[in-house]
2 protein chains.
Amino acid sequence: MAVAPPRPKGPHLNALRAFEAAARLGSFTAAAEELSVTPGAITQHIKTMEAWAETTLFVRNARGVDLTPLAEELLPAFVSAFDQLGQAVQALRNKATPEKIKIATLPAVAQLWLAPRLGILRQLAPEISVSVVAMERPPNLMREPFDITLFFTSDPLGADDLEVLQDRIFPVCAPQVAERLSSIRDLHNETLLHDSAWANDWDMWLSAQPAAKGISTKGTTHSLFSVALEEARHGGGVLMAHDALVRPLLIRGELVQPFSETLELPHRLVARMTSSFAHSPVFDKVNKTLFSRL
Amino acid sequence: MAVAPPRPKGPHLNALRAFEAAARLGSFTAAAEELSVTPGAITQHIKTMEAWAETTLFVRNARGVDLTPLAEELLPAFVSAFDQLGQAVQALRNKATPEKIKIATLPAVAQLWLAPRLGILRQLAPEISVSVVAMERPPNLMREPFDITLFFTSDPLGADDLEVLQDRIFPVCAPQVAERLSSIRDLHNETLLHDSAWANDWDMWLSAQPAAKGISTKGTTHSLFSVALEEARHGGGVLMAHDALVRPLLIRGELVQPFSETLELPHRLVARMTSSFAHSPVFDKVNKTLFSRL
DNA sequence: TACTTGCCTCAGTTTTTCTACGCGAAAATA
DNA sequence: TATTTTCGCGTAGAAAAACTGAGGCAAGTA
C-alpha cells in the first residue's frame, strides 16, 4: 500500500559528461569534438546542468568560456569519476574479448610501419584479431575504446608506455631523381613534397644543414603521407621521410637517400596501452611481435 | 583537410548505470525500482551492454539472475565509479545552493517529529529553506539528491551519522478510552491500531509483557501512522506509539499512556548526511536546531 | 494444479539528444 | 580600419534513445 514515490532525480548522465569535457577542456567546441557532437549539443547539456544546479558553471565570453570558481572547484571530482568509469569500461572490454585488440595510430604509421608487422603477429598468434583505426591525434585511453595508441610524442614515458623508436628524418626520392642531386643546394630546383601533418619537417631539416641556407620550403603538400610517398616513388619530387616509415622501401631500392645528413627529432614513437591490456595475457605476444626492437 | 573520423564509441552511460544497479542488487527488478523505470527497460540496457561487450554478464534463471564471474569481477569498479560520480553531483548541489536542504524521512517522522522543529529552524535561520520528501526506505545518499536521511536503523553509526534518539514504544489512546483500561488484559476488548510500516510493534510490545499472554494482535491496519494516530485521538482504539512521535500530544493531553510499560527497541533514529553537507557552513545551525538533544 | 515471481520480447510512444543554421561579439588579420 | 575567423547562443525540426505496457515463458510454491 505504499504511496507512489515522486523521487527527485539527478541530472542526466550525458549532461554530466558534457560538463566534465567542457570544463576539462575549457571550451565547448573542444568538448563537442571530443564527444563527437556539435557544439550546440554541448551548449544545451550545460544549460540543463546549470538549470538543475540553479547556478552558473561557465562565464561566457565572446571568445570561449571561463570556468566559474565553483566549476573549477568541482571539476577534479568529475574528471576522476569519469576516468574511473572509463577504466571500468576498458576493463570490461578487455576481459570480455581479450583476443580482440584495437590500436589507434597515425594513418602513415598504420600503413607503413604497423601493417607489415601485423602479418607477423597473425602468423605467430592467429587467435589475436587486431583492428587499427587511423587518426591524427591520440585518443584518451581512459575514455575511448582502444587498447593501444601509437603516436609520436616528446612527453616523458608513463607507466604503461613503451618507447618503440626514436624519430629521425631525412630526404628521400626516386633513384632517377637522386642522379641530379649532387649537393644539398640542388634542392633549389626540385619539388619538395610535404605532408600536412608534419608541415615543418623540411624546415627543421634544412635549418639543421648549414649548406642549405636560403633554400625555400615551397612545394606540394599532401594530406596523407602515403600519397606524398607515392609521388616521390614516381619521381614527383623529394620527400622528407621518417626513418621508420620508409626503411623497407630504401632496402628494396624503390627510394634512395640522396644525402647522408639525417636529423634526429626530439620525440619518439610511443606505444601507450590501457592498464587492463598491459596486464592481460596477450600483452606479451603483442609486445614481442610489434614493439620490441631486435 | 583531416579525414572524417569514424571513432568507435563506448556503451551508453545509462546502460552502464543499469548494469551497475542490476549487478549490485543482483536483480533486474530491484534495479528497475532503484532507477524508477520498468524492468523491461533494464532488460534492454543490459542487452545493449552485453551486445557491446560481446559477452554475457548475467545468467538468467527462471527466478532471478546470477552474475557471471566476469560481471562479478568488474562490479566493484563500476560501483565505485558511480559512487564517485554521485558524490561529485552531491557536492555540486551542495556548493551551488548551500542554503537549500533536502531531507528524506519516513512520512510519520516528517509530520510528527520533523515538522515542529522546522519551524524553530526557520526562526533561527530564515535563509535556510528545507524541503522534506517522505519515503519508506532511506535513499542512497551517494546517488540521490538529498542532504540528509532520517530513518530508524540498528546498524552501527558511520562517520557522517548522528544518533538522534533511541526508539521506544508503548500504547497510547484517547483519555476516555484509557478510563476503561485498568490492566493490560483489558486490551482484549479494544481495537488495536496498527501501522503497516511497523506491522509487528504490537507483537513486540505484547511479548515483552508477561501479563499480556494470549492477547491477539488483531485490529485495524493503516498505511500511514498519522492516520492511525488520528483514529486513536478520536477514541477509535489503542495505538502502539513511538515515543518521539507522540510526545507533544501526550503533553497536550490529547493522548494518554494507559500503561507505564514501555519497550526500548534495538534501533535508533539516525540522521545520515552527505559528506559535502556535513562539512558545509550551514550544517551547524541545522544540527543544533534539529538533532541535538537538549 | 493453480499461483507467483522474475525476466523476456515486441510494438508503440515519450523523452532526450542532436543537427542545421542564422546571429552576434570579440580577436586576429590585413 | 575593414574584413575574416573563431566561439558560443538560440530555435526548430529530426533522429535516436529510453521507456511503457501487455503478453509469454519457465521454475518454484501453495
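Lettering of chains follows the sequences in order, A, B, ..., and the numbering in each one begins at 1. All values below were derived from every heavy atom in this structure, side-chain atoms included, with hydrogens, water molecules and symmetry-related copies excluded.
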From the options [options], select the nucleotide whose nearest atom is closest to the side chain of [X].
X	options	result
A:V37	C:dC7, D:dT20, C:dC18	C:dC18
B:K47	C:dT9, D:dA17, C:dT17	C:dT9
B:H45	D:dC19, C:dC18, D:dC9	D:dC19

Checklist entry - Which one of A:R272, A:Q90, A:R93, A:K102 satisfies the side chain to side chain donor-acceptor pair (under 3.5 Å) criterion with A:D147? => result A:R93

Next on the checklist: Does atom CD (A:E33) have a neighbourhood of more than 12 heavy atoms from anything else shown, all under 6.0 Å?
Outcome noted: no

Item to check | 5′-ward residue of the pair A:T48/B:V65 relative to DNA chain C | outcome: B:V65

Checklist entry - Which is true for B:R63 with a 4.0 Å heavy-atom rule: it touches a base, it touches only sugar-phosphate, or it touches nothing? => result base

Checklist entry - Is B:T29 touching bases, backbone alone, or none of the nucleic acid, heavy atoms closer than 4.0 Å? => result sugar-phosphate

Rounding to an integer number of Å, can you tell me how far [X] [atom1] sits from [N] [atom2]?
X	N	atom1	atom2	answer
B:R17	C:dT16	CZ	C1'	13 Å
A:I46	D:dC7	CD1	C1'	14 Å
B:I42	C:dT9	CD1	P	15 Å
B:L13	D:dA18	CG	C1'	14 Å
B:E50	C:dC7	CD	P	13 Å
B:E33	D:dC19	CD	P	15 Å
A:N14	D:dA16	CG	C1'	12 Å
A:D66	C:dA27	CG	P	12 Å

Checklist entry - Are the aromatic rings of B:W198 and B:H242 close, with centres under 6.0 Å apart? => result yes

Checklist outcome for this item: ring pair (Phe, Tyr, Trp, His ring centres under 6.0 Å) test vs A:F19 passes for just one of A:F78, A:W52, A:F82, namely A:F78

Checklist entry - When you check the phosphate oxygens OP1 and OP2 of D:dA18, does a side-chain N or O of A:H12 lie under 4.0 Å from one of them? => result no

Next on the checklist: Quick check: closest heavy atoms across B:I42 and B:A18, and the distance to 0.1 Å?
Outcome noted: CD1-CB, 4.2 Å

Checklist entry - Mapping A:Q44 and A:N61 onto DNA chain D by nearest heavy atom, which one lands closer to the 5' end? => result A:N61

Item to check | Closest-nucleotide 5' rank along DNA chain D - winner of A:T43 and A:K9 | outcome: A:T43

